[in-house]
Amino acid sequence: MENVIETRGLTKRYGSFAALDDVGVTVRRGEVFGLVGDNGAGKSTLFKLLCGLAFPTIGEIRLFGEHSPRELERQRARIGCIIEQPGFYPHLSVERNLECCRIQKGVPGKNATDRMLEEVGLAYARDRTCKDLSMGMKQRLGLAMALIGEPEVLILDEPASGLDPSGIVEMRTLLQRLNREKGITVVLSSHHLAELEQMATVYAFLSHGRLLEQVGAEELRERCADRIEIAVSDAACYTVLLERELGCTTYQVLGDGTVSIANPRLDMEAYSGLASAHGLSILKLERRRLSLEQYYLDMKDKVDPWSWDAPEMGVA
Ligand SMILES: Nc1ncnc2c1ncn2[C@@H]1O[C@H](COP(=O)(O)OP(=O)(O)OP(=O)(O)O)[C@@H](O)[C@H]1O
């Protein structure tokens, strides 16, 4: 599958502060790419760099395989985006706002505006003044503006922000339809992890401007599946025992030395008994199934973002 977005060593500094630091991500055509991170992690900064609203201090951006500044500008015409709040003329109608956007983007034919209003379910409100729209309607209008010009990639910063529960479901359904039926690649950030979980096919986790990891949804589902976590006095010795005595290879040694056994075939006692029988003391023993939220919180706890010579996340 073609890489539509790639970054390498992407860094954005404001003075001595790195809002984004050495970030490498890859988005492939057709994916729904979920960017996760706390407030201030650097999500909007990454999106701004991709959309040409800010420039990297160092590092490379490739869009549809192209990376020269001139080509990047051309390729950006294939991307629709909403970064932070969509910008409107508050006193103009929905239709006029969309028309302004169409003309600005050089998209011919007013029928493009009509089509987009239908597409996002705003045709009925075409004459309403923008300042009087509900938050959900504003988000839909923002999406219509991003969609004008038939982009192949949509970059959306917090598209569910400020929406009520039914607005969130409607936004999700719309994005899923655009992805499935039109093949549009969707790159979005969200703090609603349970919501993101229903859409994303790949995730990237950012913390303090650094990429903790990029991982596919399937791989993540496996990591979140049923697992036993055991911390013992000698993790290296325990993993040898696990393999030799129990034939278990589906384990990872986490950053803090905890051995995480995925899809355990035996009950907890078998794994704790193995440690005890060989004189290892047990410091922690738990059985868990992780939500995306829990996975993210655990990962942040286990990886120290400030010490990047720290151990790998897993060595299974
Ligand atoms: N123009 C700027 N000048 C100085 N610092 C900035 C600038 N823009 C962003 N930052 C800082 O960069 C860091 C990352 O900001 P960014 O907006 O990318 O975070 P975010 O992950 O999108 O956060 P949120 O979830 O709150 O929207 C923050 O500490 C922010 O204060």
Side-chain angles (χ1 to χ4, degrees), residues 5-27 31-61 63 72 76 79-88 135-136 138-139 142-143 145-146 153-164 167-168 171-172 175 185-200 202-215 220 291-301 303-308:
I5 296 175
E6 281 174 274
T7 72
R8 281 192 215 133
L10 197 60
T11 300
K12 176 67 179 175
R13 290 200 192 97
Y14 293 106
S16 60
F17 172 73
L20 212 61
D21 194 358
D22 193 22
V23 167
V25 290
T26 302
V27 182
E31 285 182 336
V32 178
F33 182 97
L35 185 61
V36 179
D38 288 348
N39 291 127
K43 303 180 296 298
S44 303
T45 304
L46 174 58
F47 287 173
K48 282 180 193 162
L49 296 180
L50 294 177
C51 296
L53 302 173
F55 294 95
T57 310
I58 42 171
E60 184 180 273
I61 298 175
L63 301 176
L72 283 180
R76 284 190 176 111
I79 297 177
C81 59
I82 313 178
I83 311 290
E84 292 170 343
Q85 296 297 314
F88 308 121
M135 183 62 88
K138 282 183 182 159
Q139 292 291 58
L143 189 56
M145 290 164 100
V153 176
L154 271 177
I155 295 183
L156 308 171
D157 197 7
E158 289 281 335
S161 158
L163 298 185
D164 61 20
I168 290 177
M171 180 58 78
R172 185 206 323 143
L175 293 179
T185 306
V186 179
V187 179
L188 76 168
S189 65
S190 181
H191 290 132
H192 298 264
L193 298 194
E195 175 57 28
L196 203 54
E197 215 169 353
Q198 299 186 54
M199 261 192 290
V202 62
Y203 299 89
F205 298 96
L206 272 186
S207 179
H208 298 283
R210 305 210 58 165
L211 181 74
L212 298 182
E213 68 173 348
Q214 174 172 337
V215 58
L220 191 60
S291 62
L292 175 59
E293 209 161 52
Q294 197 56 51
Y295 177 86
Y296 170 61
L297 293 174
D298 281 8
M299 178 175 55
K300 280 205 318 139
D301 278 353
V303 179
D304 173 7
W306 301 109
S307 98
W308 285 87

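Counting convention: from 1, in listed order, for ligands and their atoms alike. One is the number of the first residue; the rest follow in order along the sequence.
Note on ring orientation: taking the six-membered ring where Trp is involved, the planes of Phe205 and Tyr296 are parallel (angle under 30°, cut-offs 30° and 60°).
Taking CG of Asp38 as the start and NZ of Lys300 as the end, the distance is 3.5 Å to the nearest 0.5 Å. Taking CG of Leu10 as the reference point, atom CG of Leu20 lies at 5.5 Å (rounded to 0.5 Å). Distance check: Ile61 CD1 to Leu49 CG gives 5.5 Å after rounding to the nearest 0.5 Å.
Side-chain contact check for Thr185 versus Leu154: every heavy-atom pair is 4.5 Å or farther apart.
Residue-level contacts of ligand 1 at the 4.0 Å heavy-atom threshold are Tyr14, Phe17, Ala19, Asp38, Asn39, Gly40, Ala41, Gly42, Lys43, Ser44, Thr45, His191.
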Point to revise | Stepwise side-chain hydrogen bond (donor to acceptor under 3.5 Å, both in side chains) test for Asp157 and Ser189 | key: CA-CA 5 Å; Asp157 197 7; Ser189 65; 2.7 Å; yes
